[in-house]
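Because the structure is predicted, anything quoted here is derived from the model rather than measured. Because only heavy atoms are used, hydrogens play no part in the values below, and waters and symmetry mates are left out as well, while side chains stay in. Reminder, nothing fancy here: chain letters follow the sequence lines and each chain counts from 1.
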2 protein chains.
Amino acid sequence: MNKPSFEEGLLQYVEELKDESEMTEKQKSILRASIKLFAEKGFHASSTAEIAKEAGVAEGTIFRHYKSKKDILLAVVAPVLVKFAAPFILKDIREIFKEQAEKPFKEVTTELFRNRLNLVLQNEKTIRILLQEAFFHDEIREALIATVFKDAKEMVYKLIEAKMDAGELRRLPSQAVFRAVLHSMIGLVMFRQVLDPDEFAEYSDEEQIAYTVDILMNGIGSRE
Amino acid sequence: MNKPSFEEGLLQYVEELKDESEMTEKQKSILRASIKLFAEKGFHASSTAEIAKEAGVAEGTIFRHYKSKKDILLAVVAPVLVKFAAPFILKDIREIFKEQAEKPFKEVTTELFRNRLNLVLQNEKTIRILLQEAFFHDEIREALIATVFKDAKEMVYKLIEAKMDAGELRRLPSQAVFRAVLHSMIGLVMFRQVLDPDEFAEYSDEEQIAYTVDILMNGIGSRE
DNA sequence: CAATAAAATGAGTGATTACTCACTATTATA
DNA sequence: TATAATAGTGAGTAATCACTCATTTTATTG
């Protein structure tokens with residue numbers, strides 16, 4: 001059915017994405033306040049009155065810059081998708097996968113994980129909002145899948161298969177391998193706060209990445 | 001600070017948990033309607049008017065049984081925690097880990113994954129709500145961590161360390177191993193709909209579990 | 001500096017919100 | 001069958017919602 005809700009819905013925001021430099025102070029303030037509130041209490045629980053107050057702005061000013069409350073959400077979320085998708089898929093991934101394709105899969109994966117972890121750490125709040133709202137807004141969910149997964153998946157599949165042919169990876173269904181890589185990455189990146197705070201401190205991010213990749217490559221079982 | 005928000009907050013709902021049998025038809029209907037709506041559009045986006053309509057009940061009836069809208073949420077979420085936590089940790093896990101502790105780690109894990117996958121499949125909507133709201137409600141998040149993770153973690157840690165001593169698992173930090181198991185499980189269970197629908201069909205749940213466990217144990221790298 | 005445009009304002013809008021309450025209908029108990 | 005308790009109702013309530021618009025403030029330009 002009405003397929004391109006991404007194209008029609010979010011993509012325009014991505015294209016119309018303003019530089020921060022061409023926003024007024026007030027507009028930037030509205031975005032900042034929205035990110036804060038959406039991340040703290042969610043989109044629906046944050047009222048435009050609150051946003052205005054937090055931003056130090058009249059409520060009407062919000063609607064001068066964004067024609068609806070949902071527009072604010074999309075304006076908040078779009079840049080993250082761009083950072084997640086465009087640089088990742090079109091630059092980072094292409095670079096990582098094409099330029100580094102000769103390197104061992106382990107190194108490629110380490111670089112990938114490091115890249116993603118940094119991105120998430122730098123955009124914690126907006127990513128929280130993004131994931132949060134992806135549950136309910138079709139546009140966002142589809143955009144997320146379209147940008148983050150769809151293109152990336154093909155590349156990863158190709159790399160996986162190439163590395164299988166080269167004997168570097170075991171012969172397993174590509175899908176199973178892809179999912180394993182994906183789950184390791186998401187787990188590494190998303191479930192940091194599940195454990196006790198003192199357990200975090202025990203290992204640095206680099207160590208966490210190293211262990212994650214090591215286990216992904218070699219498993220947890222011994223090889224007696 | 002005011003620590004036991006779980007005890008004070010959710011636990012009472014768990015204890016006061018009514019049998020379905022001692023609910024009226026209307027009350028059950030309210031719960032069913034709430035689950036449906038909360039899962040579809042989220043807690044905040046679902047109005048009590050909608051719930052009443054969906055449930056075929058006067059709006060006042062809702063507030064006869066639940067003193068606030070949030071109470072409905074807790075009533076929806078509590079049973080899942082009980083099913084997830086108590087039986088899981090206290091029964092399933094104890095059984096799996098104590099009775100089956102002699103079995104290879106691989107088999108224990110397979111059993112665990114199978115158990116969790118079924119639970120999620122059977123409670124898809126409520127688990128969606130649970131995770132969703134855990135983002136924002138401290139009580140729910142803390143309850144989730146307290147019930148699902150905290151106790152389970154210790155048991156898993158002990159098993160992991162025992163299996164390391166027995167030479168069945170590699171010598172790695174327990175934390176890294178625990179996280180790997182956790183990520184595999186969550187990934188297996190939560191990210192089924194990320195892939196194309198036709199890719200699901202390709203492998204059965206049992207096969208997915210088998211590959212997940214295999215990769216967890218042996219990794220994706222070859223052992224030339 | 002005057003004229004024009006853009007940005008910002010906040011009181012006001014009708015719709016909707018969670019929730020109350022006086023009341024009726026049903027069921028359980030004595 | 002009378003009494004009491006529980007279940008159910010829906011109109012009503014104040015508060016809040018996203019959003020509008022006539023007006024004022026600030027910035028830009030000729």
inquiry  = So that I can tick it off, tell me whether A:Arg141 and A:Glu133 are bridged by a salt bridge, with the cut-off set at under 4.0 angstrom between side-chain N and carboxylate O.
reply    = no
With sequence neighbours left out, the residues meeting side-chain contact (heavy atoms from CB on, under 4.5 Å) with A:Ala55 are A:Ser29, A:Ile30, A:Ala33, A:Val57
- Query: Does A:Lys69 count as lying over the ring of A:Phe43, i.e. NZ or CZ under 6.0 Å from the six-ring centre, within 45 degrees of the axis?
  - Reply: yes
Side chain to side chain donor-acceptor pair (under 3.5 Å) filter on A:Lys41, not counting sequence neighbours, yields A:Glu50
Ion pair present between B:Glu111 and B:Arg114, side-chain N to carboxylate O less than 4.0 angstrom?
yes
query: Aromatic rings B:His137 and B:His44: how do their planes relate, parallel, tilted or perpendicular, breaks at 30° and 60°?
result: parallel
Students should find that the nucleotides of DNA chain D closing off the region near chain A, any atom under 4.0 angstrom from a heavy atom, are D:dC17 to D:dT20
To the nearest angstrom, the NZ-C1' distance between A:Lys26 and C:dA6 comes to 14 Å
Inspect the contact between A:Arg32 and A:Glu54 and indicate whether a charged nitrogen and a carboxylate oxygen are less than 4.0 angstrom apart. no
_Just by distance, no angles: are the side chains of A:Gln208 and B:Gln175 close enough, under 3.5 Å, to form a donor-acceptor pair?_
yes
Once base and sugar-phosphate atoms are separated, protein heavy atoms under 4.0 Å mark nucleotides 13-27 of chain C, 5' to 3', with B, S and - as ----SBBB-------
Output row for DNA chain C, stems defined as at least 3 consecutive Watson-Crick or G-U pairs under 3.5 Å, is C:1-30 with D:1-30
Lys/Arg N to Asp/Glu carboxylate O, B:Glu25 vs B:Lys28, below 4.0 Å: yes
Hits for side chain to side chain donor-acceptor pair (under 3.5 Å) against B:Glu154, two or more places apart or cross-chain, chain-then-number order -> none
